[in-house]
There are 2 protein chains.
Amino acid sequence: MVDQLSAVFAALADPTRRAILARLRDGEATVAELAEPFAMSQPAVSKHLKVLEQAGLITRTRRATARLSHLRAEPLRTARDWLGDYRAYWQESHDRLDDLLTELQEKDT
Amino acid sequence: MVDQLSAVFAALADPTRRAILARLRDGEATVAELAEPFAMSQPAVSKHLKVLEQAGLITRTRRATARLSHLRAEPLRTARDWLGDYRAYWQESHDRLDDLLTELQEKDT
DNA sequence: CGCCTTCATAACCAATTTGTTCTGAAACCA
DNA sequence: TGGTTTCAGAACAAATTGGTTATGAAGGCG
């Protein structure tokens with residue numbers, strides 16, 4: 001994988017990895033904890049964690065024999081910024097009033 | 001690919017496909033026009049277009065012998081919404097003042 | 001009609017992805 | 001020290017991806 005953005009999107013393309021990220025919003029977790037919800041072996045989860053780490057979406061620390069994963073959401077902001085460049089194209093109508101209403105709606109969110 | 005979100009992120013993971021989407025912001029284009037910037041065969045580009053179409057990111061129409069691709073940005077909004085759920089996690093500090101400032105800053109953008 | 005242009009599809013190939021099982025390293029615990 | 005827990009890495013297999021070349025279908029044009 002050459003660029004950061006491709007790595008992030010590729011990491012997000014897998015539902016298991018998205019679920020792992022969602023879990024990590026509640027705080028750090030061990031590999032076993034992260035593996036628990038999935039019908040998949042521990043090494044498979046370790047591989048997913050490696051993908052997430054290489055995309056910069058998690059960092060990892062040790063505590064005793066456990067390896068803790070931590071969410072690192074910064075690259076998600078980059079991805080979101082990229083998507084933001086298309087904001088003008090995902091509204092059907094393009095007349096002035098509609099743009100204004102959308103603009104106001106944006107401010108509210 | 002099971003779900004829509006995975007398909008969209010997978011489609012975005014390729015720089016060629018992101019470049020195609022960017023080009024389509026300037027309006028519809030033929031396969032030949034889309035292929036022109038890339039050092040790659042026409043069938044390769046056709047395959048990329050198929051991936052984009054299946055992710056719902058383009059629609060296609062005919063005009064004479066040409067097949068025109070049109071940007072359909074709606075799924076990008078869905079992807080951006082998903083990323084938005086992590087907004088609270090991509091700022092380092094989490095104290096109240098910082099949150100308030102970020103909140104205000106958000107409204108400005 | 002016959003030709004040309006535009007493009008999709010088929011067949012193929014190499015590399016990558018996503019899972020598996022087996023093994024062993026690292027760090028704590030009795 | 002020796003055992004246990006936690007996890008990563010190696011080796012393997014199957015499916016997918018991203019490219020190729022060859023072919024032919026669809027639709028104007030002389």
Side-chain angles (χ1 to χ4, degrees), chain A residues 1-24 27-71 75, chain B residues 1-24 27-71 75:
Chain A
M1 196 73 54
V2 253
D3 61 306
Q4 175 70 11
L5 197 51
S6 294
V8 171
F9 281 135
L12 296 179
D14 187 287
T16 301
R17 288 193 289 263
R18 291 201 303 276
I20 289 174
L21 290 181
R23 162 63 185 82
L24 290 177
E28 60 185 19
T30 66
V31 174
E33 283 164 2
L34 293 174
E36 192 272 328
F38 305 108
M40 134 184 0
S41 66
Q42 168 262 311
V45 173
S46 282
K47 281 193 187 182
H48 282 303
L49 292 175
K50 195 177 206 174
V51 172
L52 289 169
E53 188 175 24
Q54 286 175 348
L57 289 167
I58 63 172
T59 58
R60 310 177 79 179
T61 57
R62 298 195 73 123
R63 187 174 61 198
T65 63
R67 311 295 182 92
L68 298 172
S69 295
H70 313 260
L71 179 62
Chain B
M1 195 74 53
V2 253
D3 61 306
Q4 175 70 12
L5 197 52
S6 295
V8 171
F9 282 135
L12 296 179
D14 187 287
T16 300
R17 289 193 290 262
R18 291 200 303 276
I20 289 175
L21 290 180
R23 163 62 184 83
L24 289 177
E28 59 184 19
T30 66
V31 174
E33 282 163 4
L34 292 173
E36 191 272 327
F38 305 108
M40 134 184 359
S41 66
Q42 167 261 311
V45 172
S46 283
K47 280 194 186 181
H48 282 304
L49 293 175
K50 196 178 207 173
V51 172
L52 289 169
E53 187 176 24
Q54 286 175 347
L57 289 167
I58 63 171
T59 58
R60 310 177 79 178
T61 57
R62 298 195 73 124
R63 189 174 60 198
T65 63
R67 310 295 182 91
L68 297 173
S69 295
H70 313 260
L71 179 62

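Per chain, numbering begins at 1; letters A, B, ... match sequence-line order. Owing to the predicted nature of the structure, the values given are computational and were not obtained by experimental measurement.
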Give the rounded distance in Å between these two atoms: CZ of B:Arg67 and P of D:dA26.
9 Å

Scanning both residues in full, the closest heavy-atom pair of A:Ala55 with A:Ala11 reads CB-CB, 4.0 Å

Provide, to the nearest angstrom, the distance between the CG atom belonging to A:Leu68 and the P atom belonging to C:dC28.
13 Å

Closest contact, heavy atoms only, A:Met40 versus A:Ala44:
CG-CB, 3.3 Å

Interatomic distance where CG belongs to A:Leu12 and P belongs to C:dT17 [whole Å]
15 Å

Rounded to whole Å, the CD-C1' distance (A:Glu53 to D:dA8) equals 12 Å

Would you kindly give the CD-to-P distance between B:Gln42 and D:dA22, to the nearest whole Å?
14 Å

Report the residue from A:Arg60, A:Glu36, A:His48 that forms a side chain to side chain contact (heavy atoms under 4.5 Å, CB included) with A:Val31.
A:Arg60

Spacing between B:Arg60 atom CZ and C:dA8 atom P, to the nearest angstrom
4 Å

I need the NZ-C1' distance between A:Lys50 and C:dT16, as an integer number of Å.
14 Å

A:Leu24 vs A:Leu34, side-chain contact (heavy atoms from CB on, under 4.5 Å): CA-CA, chis, key distance, verdict
CA-CA 9 Å; A:Leu24 290 177; A:Leu34 293 174; 3.9 Å; yes

Hey, is the side chain of A:Thr65 poking within less than 4.0 Å of OP1 or OP2 on D:dC7, counting only N and O atoms?
no

With distance as the sole test, does A:Arg17 use its side chain to make a donor-acceptor pair with the main-chain N or O of A:Leu12 at under 3.5 Å?
no

When the distance from CD of A:Glu33 to P of D:dT6 is rounded to whole Å, what number comes out?
10 Å

Basic-acidic side-chain contact under 4.0 Å: B:Asp3, A:Arg18
yes

Donor-acceptor contact below 3.5 Å, side chain B:Thr30 vs main chain B:Arg67:
no

Taking only the side-chain heavy atoms of A:Arg62 (C-beta and beyond), determine which of D:dG27, D:dA8, C:dA27 contains the nearest atom.
C:dA27

Out of C:dA8, D:dG9, D:dC7, which nucleotide sits closest to the side chain of B:Val31?
C:dA8

Nucleotide N/O of nucleotides 14-19 of chain D paired with protein N/O under 3.5 Å:
{"unit_1": "D:dG18", "atom_1": "OP2", "unit_2": "B:Arg17", "atom_2": "NH1", "d": "3.1"}
{"unit_1": "D:dG19", "atom_1": "OP2", "unit_2": "B:His48", "atom_2": "NE2", "d": "2.3"}
{"unit_1": "D:dG19", "atom_1": "N7", "unit_2": "B:Lys47", "atom_2": "NZ", "d": "3.0"}
{"unit_1": "D:dG19", "atom_1": "O6", "unit_2": "B:Lys47", "atom_2": "NZ", "d": "2.2"}

